[in-house]
Structures are given as structure tokens and as C-alpha cells.
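Some notes on the structure that comes next.
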Number of protein chains: 2
Amino acid sequence: MTPKVTKKSAATRAHILETALGLFQEHGFEKTTMRMIAEACDLSLGAAYYHFKTKEELVLQFYAETGAEARSHNTTITAASKDFKTRLKALLQFKFTQMEPFRELASVLARQATDWRNPLSPFSAETRPMRDEAIGLIEEVLEGSNVKVSAPLRPHLAKMLWLYQMGVILFWMNDPSPEQRRTEELLDLSLALLHRLLQASTLPFMRRVNQSAVRIVELVEGLAPTEGEEP
Amino acid sequence: MTPKVTKKSAATRAHILETALGLFQEHGFEKTTMRMIAEACDLSLGAAYYHFKTKEELVLQFYAETGAEARSHNTTITAASKDFKTRLKALLQFKFTQMEPFRELASVLARQATDWRNPLSPFSAETRPMRDEAIGLIEEVLEGSNVKVSAPLRPHLAKMLWLYQMGVILFWMNDPSPEQRRTEELLDLSLALLHRLLQASTLPFMRRVNQSAVRIVELVEGLAPTEGEEP
DNA sequence: GCTATACTTTGAACAGGTTCAGAAAAAGAA
DNA sequence: TTCTTTTTCTGAACCTGTTCAAAGTATAGC
């Protein structure tokens, strides 16, 4: 899994990625050609493909790498406040800050999201580790926070919020307002709504709603393939 | 707008579309090449492109055409029952039946959904007519039904449900279970949940939640571009 | 050092979406 | 009918992602 440091490959991979990200930022994803990337690295086209099976894999790699950063930032977040909304907002905003220079790349990945069998989809079996990690971060944010939520819902809350996060990211990617101000408004609004809804979930009146909600999350989770499926 | 009947173009377009759909069904979207389509129509590649600017436009055209059928089916639906859940379920199921032979094509369109500036995205300015029509159908289903919902929410309900519909369709596209049984379960569950949530929205306790919900829908609506934007 | 093995790189191709200058056919004007 | 304009079609490219056999280079065991 982890390529030995002694292997030349690691350095070349890193170099290609770095170069590619620069070019993506400069010309955009579509207009940057694999030939450009290879040439900028003083490599042949084939060599570039030796290290990255597809152009999209470059993007995926970038995401994988931002993950580590986010994990470490998470401790800062949980230390700063116990408030659920504050924490979750900080978590999302950090992701946005991280990806800000590469907003377009986000939508490159999102494009794959709709076909869950696509290895690059955030819902695919192949990206499960990344997905689990992201859910893990949310779980960290939940633990020891002031969320009030119906007990049967609690075990599924992180997964639900991950789904919520996907939605917010989709909005963010498409937000043309300067500095994505609308995304911030959306964040505040939706977090408030979420908070109230979760509070409401503790009312006896809401038992049936909660049950359905849990089952729905399970269904969605069940669709995301875990092992190899269809030929 | 409406091409004169005398124009040869209309007939050729129709022929190309029909042929293409057949090939898509037989070989799948990716494996069907524009060259195959052209050849099957006894046309040159260039001619095919004269009628359809891109391969995806073929899919879009297909969708546009299923719209008419759905509109007429809607009267059947509203006549059959006044129950909100029953009607909405029927609406969605009809769409599924219609698209069943072309499930793969659905995901072809969905792929474009993530970039709202893409003309083929269901959120784009270009597809606004189709979107408005779909929302119109939902509105029809709501009118004269037994939905109970907080008054301030009511004017936005159809738009909200359209968003809901997008989610269900995404699920359906990725549902590998035979005959998409899970989608049916999801439908029943989520409709029940929706129903209860809408009922709950009439409680005074929910006023703030409702307000946020409305504003969120407005924000999302506001992102979907209406005129020409950016260069 | 020397060979066997594994890893990298090359260069040339392929495939399929898309474009385009100009030919052909159809429609209109006279 | 004949000439002009518009619509439709053709054939040959172009571009870019991807593949692959063969060649070059490093590494390890001896």
C-alpha cells in the first residue's frame, strides 16, 4: 500500500501531482491536458499514466491528501467549543478553505458522484476509507458536544450529517457569489434548522419520523457498495 | 422555434434520436459511438453532429420528450386519488416506468447535474423550462390534495418536493436490487416521513424551522442561474 | 561485479467526441 | 426554367484520454 520511500516512484508521483495541480489552477481541469502535465514534468505521456491510471485519479489523490490535514485540524475544533453548530460549521468551513484554490476540482469529483459504482464516486466501495474517515471526523465533532437528539437516531447521526455535508458542498461548488457568501448563509440557516430538528426529534410525537429517518439512512448506506458487485 | 414541417431536418432529427435510443439500449451509452449512430442512419458523422451538437444532447432530447407523456398521465393521477402520498408516489413511479428502459441514460444526465452552469444540468438556466414543467406537475398533484402544511411553507412546497424528487431519482439510478425494490421501500418510507414532517410543520413550535426551510429553498433557487451569467 | 528480477520510461498507436471547409440538395425568387 | 440563398450533408481532419509492447534503468542476491 504505502510505496517504499526508496522507490523512485513516490517522488515522481508527488512531482506529477504538484505540477498537475498547478496547471489545473492556472488553466482549469478540462483545458489542462495530460500531455501538458507530462511535458511540464519532463516525462513522456506514458510515464504519467504509469503513475496515475487516469486524469481523475490526480484529483482523487489531492483529496486523499487534504484528509490528513483536516484530521489534525479537527482537534483544534473540538478544543475550541462544545457547541454542535459551531463545531460543525468550523469543520465544513475548514474543508472549504482547504479546497478553495481548487473549487473546480471539487466538481470534477462530484461529477463521478452520481454513479456509485464509479471508483471515484464518494459513494463507491473504493472510496469507502475516505468516506469512513470523513464520517469519523463528524463523529468526533459530535462526541462531547451539546447535541440533543433522540437516542435511536444518535448512532446514525454522523452518517446523516455526512449526507448533509455532501449537499452543502454541492451548493458551495456552484455558489458564484463573491467569497461564497451565500454558502455561509446556507450554513448558518441549515445548521440552525438541523439543530432545531434534532431537538424536536426527542419529542414523543416524533418517534415515527425518527424511525423512518433511520431506515432511510440505512437504505442509502445499503446502496453504497461495500465489496465487489456486478461483473 | 417549431421547425416547419416542410423542413427535412425535423424528420432526420427524429430518426437519429430513435436510432440512437435503440443503440443505447442495446449497447449502453458509453459503448455506443456517434459513428455507429450515424452509420445506422445512413448518414455521415458530420451530419449527425449537424442535428445534435453533442452526444449528450441526444439524451436531453429524450427527456424533453418524455415530459409531454408525463403531463398527460398527471391528469389520470389526480383523478385517481386525493391523497398526497398516493399521488406523489404515482407521479414518481410513472417517471420510473417511463425511464426504466433507459436507466443508464438517467445517470448520464445526472452526471452533468453537479455543474449548474452546464447547459445539460437539471439546475441550469437552459433546462429551466423542463424544470418548471416538472415543478408544475408536482404543483398539480398538490392542488386539491389532502396535504396539511404550514401556510408560509405552501408556496414553496412544490420546489422543495422537486428537490426531494431529484434525490429519489439519484437513489433509483443506483439501486441494483431486482426491479428496484429498494427504491420502492425508500419511496414509501420517505413519503410517510415527509407527510408527518409537513403535518408537524403546522405546529407553532415549528415556526422557526419553517422559516429556515423556506429561506434555504430560496437560496438554492437563487443559485440556479436564470439568465446568461459569467463570460 | 554480474545476472535475474522488478520497476520506469518511451514512443507510437488507437479510439471516439468534436470541428470545419466546402460540396450537394432543397427552397425561393425571377 | 434559371439563378440565388439557405439548409443539409460529406469527408477528412483534429484533439485528447488511454493503452501497450518494447526498451532502459535500478535493485537484490550471489
Side-chain angles (χ1 to χ4, degrees), chain A residues 1-21 23-24 26-61 104-105 108-109 111-112 115 118-120, chain B residues 1-21 23-24 26-62 104-105 107-109 111-112 115 118-120:
Chain A
M1 276 277 114
T2 33
K4 279 188 201 153
V5 205
T6 55
K7 289 264 171 69
K8 197 181 171 191
S9 157
T12 314
R13 252 185 89 93
H15 182 220
I16 293 175
L17 181 62
E18 197 181 358
T19 310
L21 288 177
L23 289 171
F24 289 158
E26 190 174 352
H27 305 111
F29 180 78
E30 306 291 355
K31 289 198 179 160
T32 302
T33 159
M34 286 300 277
R35 284 167 180 81
M36 283 164 77
I37 297 171
E39 189 170 9
C41 291
D42 273 312
L43 279 177
S44 74
L45 183 58
Y49 271 98
Y50 173 76
H51 293 284
F52 293 92
K53 250 188 285 298
T54 69
K55 193 178 172 188
E56 267 97 6
E57 199 180 302
L58 284 160
V59 183
L60 193 63
Q61 182 63 38
E104 193 204 354
L105 295 190
V108 168
L109 265 206
R111 195 173 307 153
Q112 326 276 347
D115 180 0
N118 183 136
L120 264 47
Chain B
M1 273 281 112
T2 33
K4 280 190 202 151
V5 203
T6 57
K7 289 264 172 69
K8 195 178 173 191
S9 157
T12 314
R13 252 185 89 94
H15 183 220
I16 295 174
L17 181 60
E18 197 181 357
T19 309
L21 288 177
L23 289 170
F24 288 158
E26 191 174 352
H27 306 109
F29 180 78
E30 306 290 355
K31 289 198 179 160
T32 302
T33 156
M34 283 302 275
R35 285 167 178 82
M36 285 164 76
I37 297 171
E39 189 171 8
C41 291
D42 273 313
L43 280 177
S44 75
L45 184 58
Y49 271 97
Y50 173 76
H51 293 284
F52 292 92
K53 252 188 285 296
T54 69
K55 193 179 173 188
E56 268 99 5
E57 200 181 300
L58 284 160
V59 184
L60 193 63
Q61 183 63 38
F62 163 67
E104 193 203 354
L105 295 190
S107 73
V108 168
L109 265 205
R111 194 173 308 154
Q112 326 278 347
D115 180 1
N118 184 136
L120 265 44

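All chains are named by letter (A, B, ...) in the order of the sequence lines, taking the proteins before the strands, and each is independently numbered beginning at 1.
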Going from NE2 on A/His15 to NE2 on A/His51, what distance comes out if it is rounded to the nearest 0.5 angstrom? 11.5 Å
Heavy-atom side-chain proximity of A/Tyr49 to A/Met34 below 4.5 angstrom: yes
Find the distance A/Ile16:CD1 to C/dT9:C1' and express it as a whole number of Å. 11 Å
How close do A/Phe24 and A/Glu104 get, counting heavy atoms only, and between which atoms? O-OE1, 4.5 Å
Rounding to a whole Å, what distance do you find between A/His15:NE2 and C/dT9:C1'? 15 Å
Rounded to whole angstrom units, what separation is found between the CD1 atom of B/Ile37 and the P atom of C/dT18? 11 Å
Rounded to whole Å, please give me the gap between CZ in A/Arg13 and C1' in C/dT9. 16 Å
Atom pairs under 3.5 Å, N or O on each side, protein against nucleotides 14-16 of chain D: can you list them with distances?
none

Roughly, in whole Å, what's the span from CD in A/Glu57 to C1' in D/dG17? 14 Å
How far apart are the closest heavy atoms of A/Lys31 and A/His27, and which atoms are they? CB-O, 3.4 Å
Pi-cation contact, B/Phe29 with B/Lys55 (under 6.0 Å, within 45°): yes
How close or far is atom P of C/dC20 from atom NZ of B/Lys53, stated in whole angstroms? 13 Å
Taking side chain as C-beta onward, heavy atoms only, is B/Ile16 less than 4.5 Å from B/Leu58? yes
From CZ of A/Phe52 over to C1' of D/dG17, roughly how many Å is that when rounded to an integer? 16 Å
Is there a donor-acceptor pair under 3.5 Å between the side chain of A/Thr19 and the backbone N or O of A/Ala40? no
Partner of B/Val59 by side chain to side chain contact (heavy atoms under 4.5 Å, CB included), out of B/Leu17, B/Thr54, B/Leu120, B/Val108: B/Val108
Rounded off to whole Å, could you give me the CD-to-P distance for the A/Glu56 and D/dG17 pair? 9 Å
Of all of residues 40-49 of chain A, which get a heavy atom below 4.0 angstrom from DNA chain C, listed by number? A/Leu43, A/Ser44, A/Gly46, A/Ala47
Is any side-chain nitrogen or oxygen of A/Tyr50 closer than 4.0 Å to OP1 or OP2 of C/dT8? yes
Any side-chain N or O of A/His51 less than 4.0 Å from the OP1 or OP2 oxygen of C/dC7? no
Here's a test for you: under side chain to side chain donor-acceptor pair (under 3.5 Å), which of B/Gln61, B/Arg111, B/Gln112 qualifies with B/Glu56? B/Gln112
